[in-house]
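Beneath this line is the structure, given in structure tokens, with notes to follow.
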Amino acid sequence: MRLIFTNRKRMALKQISSNKCFGGLQKVFEHDSVELNCKMKFAIYLPPKSETGKCPALYWLSGGCNIKGEDESWDFGTGAGFYVDATEDRWKTNYRMYSYVTEELPQLINANFPVDPQRMSIFGHSMGGHGALICALKNPGKYKSVSAFAPICNPVLCPWGKKAFSGYLGTDQSKWKAYDATHLVKSYPGSQLDILIDQGKDDQFLSDGQLLPDNFIAACTEKKIPVVFRLQEGYDHSYYFIATFITDHIRHHAKYLNA
């Protein structure tokens, strides 16, 4: 599910598609994003229950804008915004995915759909897993729960993160830590947060040192923040891995969203 977010006031949504799915409706909408200064699309699933009352919202993060250089490499630019608010000139007008995810999108969803704004959780995969973790850690109490599949846990120390952060945030590495889950957890104030992470043991990017989950787990342990980390034998970084364990993650979130 690919979600996208909007501004303070109710803004126009254009429905792109609608399909019956598991008794409910899977819809795709387009809107003009204020934060990102471009058109964005998001998908939303409306279960049968949404016809009679408000439902909790579970946000899934994945990977944007016709900017010179954004399509030159797959790990930077379009689809790889790293969920930061960019500060460098070329990127700062459009690459504000952190504010989009945490403010604009929820406001858009809450204004247009039968959603309970007090019951919201977040999860994602890889860069989206990184995004989910930092959104939860930077906003204590905003999300009822968080989980991730193969998240980039310590981007200031991995090649992907160094490339993205230097491009979006500049060369001052002290600014990078504000978007690094391992550093954020060290100063997390202790508000209740129960984290679930699944990681494929045969994930190429794990062995390449891009994900660094051990650093995050160590930081959580030191801060006594509950985290369940499951290293799944034989699984890689693909969507087959996600499909296998997605039910566990939905149940994890349902436990807190329905409490």
Can you confirm whether [X] sits close enough to [Y] that some side-chain heavy atom of one is under 4.5 Å from a side-chain heavy atom of the other?
| X | Y | value |
| --- | --- | --- |
| Y95 | E88 | no |
| D198 | Y235 | no |
| L211 | H237 | yes |
| H253 | L196 | no |
| I197 | P151 | yes |
| K162 | W176 | yes |
| T182 | L212 | no |
| F123 | L58 | yes |

Q. Just by modelled atom types, is the Q210 backbone N or O under 3.5 Å from a matching donor or acceptor in the D208 side chain?
A.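 Between the backbone of Q210 and the side chain of D208 there is no qualifying donor-acceptor contact (under 3.5 Å).
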Q) Is it true that a side-chain atom of D180 and a backbone atom of V156 form a donor plus acceptor pair closer than 3.5 Å? A)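 Checking the backbone N and O of V156 against the side chain of D180, a donor-acceptor pair under 3.5 Å is found.
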With a 6.0 Å cut-off on the ring centroids, do [X] and [Y] count as close?
| X | Y | result |
| --- | --- | --- |
| Y168 | Y98 | no |
| F245 | F149 | no |
| F241 | H125 | no |

For residues [X] and [Y]: do they belong to one hydrophobic cluster (side chain heavy atoms under 4.5 Å, members Ile, Leu, Val, Met, Phe, Trp, Tyr)?
| X | Y | result |
| --- | --- | --- |
| V28 | W60 | no |
| Y256 | L137 | no |
| I217 | L231 | yes |
| M40 | L13 | yes |

Looking just at side-chain N and O atoms, do [X] and [Y] make a donor-acceptor pair shorter than 3.5 Å?
| X | Y | value |
| --- | --- | --- |
| H249 | S147 | yes |
| N37 | T93 | no |
| S145 | H252 | no |
| K27 | S18 | yes |

Q.
Check this for me: Q15, atom CD, are more than 12 non-hydrogen atoms of other residues, nucleotides or ligands nearer than 6.0 Å?
A.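 It does: Q15 CD has more than 12 such atoms within range.
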Separation of [Y] [atom2] from [X] [atom1] (nearest 0.5 Å):
| X | Y | atom1 | atom2 | result |
| --- | --- | --- | --- | --- |
| K54 | Q118 | NZ | CD | 9.5 Å |
| K144 | M120 | NZ | CE | 10.0 Å |
| L206 | Q199 | CG | CD | 4.5 Å |

Q. Honestly, is K177 close enough over F165, meaning NZ or CZ under 6.0 Å from the six-membered ring centre and within 45° of the axis?
A.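 Verdict for F165: no cation-pi partner in K177.
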Q) Could you go step by step and tell me if F229 and F216 meet the side-chain contact (heavy atoms from CB on, under 4.5 Å) rule? A) CA-CA 10 Å; F229 178 74; F216 181 72; over 6 Å; no
Mind listing the side-chain donor-acceptor pairs of residues 185-193 below 3.5 Å, one per line with the distance, residues two or more places apart or on another chain?
residue: S187; atom: OG; partner: L184; partner atom: O; Å: 3.4
residue: Y188; atom: OH; partner: S191; partner atom: O; Å: 3.3

Q. Who passes side chain to side chain donor-acceptor pair (under 3.5 Å) against D202, sequence neighbours left out?
A.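 Here no residue qualifies.
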